[in-house]
Protein chains: 2
Amino acid sequence: MEYNDKQIAIMDAAEKLFADNGFSGTSVRDIAEAAGVNLAMISYYFGSKEKLMEAMFRYRGDFMRLKLESILLNSNLTPLQKVDKLIDEYIERIFNKQCFHKVMLREQMVDNTGPIAEQITQLKATNQALFKQLIHEGQRKGDFKKGLDVPFLMMTLVGTTSQLLTSQKYYRALNNLQEMKNEEFEKHIKKKLSAYLKNLFKAILTYEA
Amino acid sequence: MEYNDKQIAIMDAAEKLFADNGFSGTSVRDIAEAAGVNLAMISYYFGSKEKLMEAMFRYRGDFMRLKLESILLNSNLTPLQKVDKLIDEYIERIFNKQCFHKVMLREQMVDNTGPIAEQITQLKATNQALFKQLIHEGQRKGDFKKGLDVPFLMMTLVGTTSQLLTSQKYYRALNNLQEMKNEEFEKHIKKKLSAYLKNLFKAILTYEA
DNA sequence: CAAAACTAAACAAACGTTTAATTAAATCAA
DNA sequence: TTGATTTAATTAAACGTTTGTTTAGTTTTG
């Protein structure tokens with residue numbers, strides 16, 4: 001599907017507003033104003049507010065899919081180095097599209113069936129399969145220990161990152177980082193998160209009780 | 001603050017609906033119907049929908065605070081055993097009040113100031129301080145390694161649990177647990193999560209690179 | 001019999017969507 | 001290239017609902 005500039009402007013504006021105020025907390029008038037288009041253009045291009053959201057998920061869904069083929073196939077890297085690369089790839093992707101990620105986190109909670117739930121399921125399935133492949137490779141080579149629970153490892157990766165993302169302001173407040181500029185702060189936490197997760201996964205994957 | 005039966009019924013109904021559909025996605029008419037009270041009673045007792053939410057946070061806020069005093073002071077337990085108990089205490093608390101926890105997760109994302117943000121800040125501060133105390137004790141005794149990042153450890157605990165909680169249906173779908181009954185499923189994942197997190201924290205806290 | 005609890009109805013404001021009219025862009029025969 | 005004609009884009013206004021809240025009146029309680 002191809003989108004013109006105006007359609008993209010609408011989706012970008014909606015993404016930001018949905019992330020901050022939720023789907024129901026955002027009116028189509030808010031979106032129209034933020035996107036700088038006439039109110040009626042949203043129905044004109046997307047049919048409805050709901051279908052705009054669905055279009056957004058189709059538009060962004062692809063981007064959120066981890067691209068690990070080159071990493072997985074690179075035989076110069078140890079399994080642990082590949083996990084490190086996966087972590088960085090994941091962090092980069094989430095922070096690059098934090099608004100959409102927040103929208104997804106919200107949407108996960110609602111008990112709906114339909115195209116959006118379908119998109120989320122497929123995304124999770126793909127990412128989990130890639131992650132699983134990597135873990136199993138490490139286990140075959142004897143670098144990682146046996147009995148690892150891939151879905152739960154995934155939850156730690158996703159959950160820790162999401163927690164940092166959604167509670168940024170509380171992290172700032174509780175750790176006296178209020179004065180730091182937004183851009184600097186984001187760099188700071190990305191770097192910290194990366195180092196933290198790499199160390200954490202090294203520990204879980206190799207630690208023997 | 002004391003609440004009568006009807007007020008509690010309203011807060012319980014609101015909690016469930018806010019968790020599933022969000023604050024804006026829930027109408028006061030929905031709440032009134034679910035609680036079995038007249039629409040006007042919500043304004044009558046709480047003043048407004050917004051203030052109902054604030055009352056809910058005051059009502060539930062206390063419950064969400066970790067109660068670790070007895071654990072912390074128990075000198076028969078090793079620091080690692082205390083962490084295990086903290087994990088179970090945390091899981092129990094979150095699963096006992098999953099609806100409210102979901103409401104909190106949603107509310108964290110919105111960029112508001114006011115009594116709710118204040119409540120969340122205090123809750124996080126308290127829990128983080130308790131956790132910190134435990135970690136430092138373990139480090140003093142030489143059981144835990146140095147250089148641990150307490151806020152990030154907290155994010156892993158909170159994030160992994162939240163991720164499991166908010167994406168239960170996806171976890172079921174991706175791991176072929178569709179046929180399992182709700183009650184059985186919840187027991188199952190609680191047990192798995194507990195074992196997983198205990199092993200994970202043992203690894204991070206004691207693993208030396 | 002006064003205070004509290006409760007109700008059905010009404011309120012204005014905001015909502016998502018549609019309509020009818022206008023402007024801009026594209027198509028195309030001459 | 002021109003001017004006519006069709007198609008697409010854009011708009012302000014209006015539509016019917018739903019929203020949160022209030023009112024004015026009734027019932028219940030201490």
Margin query: Using the ring-ring contact (aromatic ring centres under 6.0 Å, His included) criterion, which residues pair with Y59(A)? Sequence neighbours excluded.
Written below: Y3(A)
Notebook entry, point to check: Which letters describe nucleotides 18-23 of chain D, given B = protein heavy atom under 4.0 Å from base, S = only from sugar-phosphate, - = neither?
Noted result: -BBBB-
Checklist line | Validation row, ring centre F18(A) to ring centre F100(A) under 6.0 Å | finding: no
Note to self: The criterion is ring-ring contact (aromatic ring centres under 6.0 Å, His included); which residues satisfy it with F201(B), sequence neighbours excluded?
What the structure shows: none
Check: At under 4.0 Å between heavy atoms, what does F46(B) touch on the DNA or RNA strands: base, sugar-phosphate, or nothing?
Finding: nothing
Margin query: Does the protein touch nucleotides 25-30 of chain D at the base, only the backbone, or not at all? Give it as B, S and - per nucleotide, heavy atoms under 4.0 Å.
Written below: ------
Notebook entry, point to check: According to the side-chain hydrogen bond (donor to acceptor under 3.5 Å, both in side chains) rule, which pairs have a member within residues 37-46 of chain B, sequence neighbours left out?
Noted result: N4(B)-Y45(B)
Checklist line | Residue list, side-chain contact (heavy atoms from CB on, under 4.5 Å) with R93(A), at least two apart or on another chain | finding: F63(A), L66(A), K67(A), E89(A)
Note to self: Using the salt bridge (charged side-chain N to carboxylate O under 4.0 Å, His left out) criterion, which residues pair with K102(B)? Sequence neighbours excluded.
What the structure shows: none
Next item on the list: Name all residues meeting the side-chain contact (heavy atoms from CB on, under 4.5 Å) criterion together with E50(A); count only those two or more places apart in sequence or in a different chain, and write none if there are none.
Entry: F23(A), S48(A), E54(A), I116(A)
Check: Short question: side chain of K85(A), backbone of L72(A) - any donor-acceptor pair under 3.5 Å?
Finding: no
Check: Residues from residues 2-16 of chain B sitting under 4.0 Å of DNA chain D, heavy atoms only?
Finding: none
Margin query: Between K202(A) and D84(A), does any NZ, NE, NH1 or NH2 come within less than 4.0 Å of an OD or OE carboxylate oxygen?
Written below: no
Next item on the list: May I have all residue pairs that pass side-chain hydrogen bond (donor to acceptor under 3.5 Å, both in side chains) and include part of residues 26-35 of chain A, sequence neighbours excluded?
Entry: S27(A)-D30(A)
Margin query: According to side-chain contact (heavy atoms from CB on, under 4.5 Å), who are the partners of V28(B), at least two apart in sequence or on a separate chain?
Written below: L39(B), I42(B), K49(B)
Notebook entry, point to check: When you list every nucleotide of DNA chain C with an atom under 4.0 Å from a heavy atom of chain B, which one comes first 5' to 3', and which comes last?
Noted result: dA4(C) to dA10(C)
Note to self: Less than 4.0 angstrom from a charged side-chain N to a carboxylate O is my criterion; do D12(A) and R60(A) meet it?
What the structure shows: yes
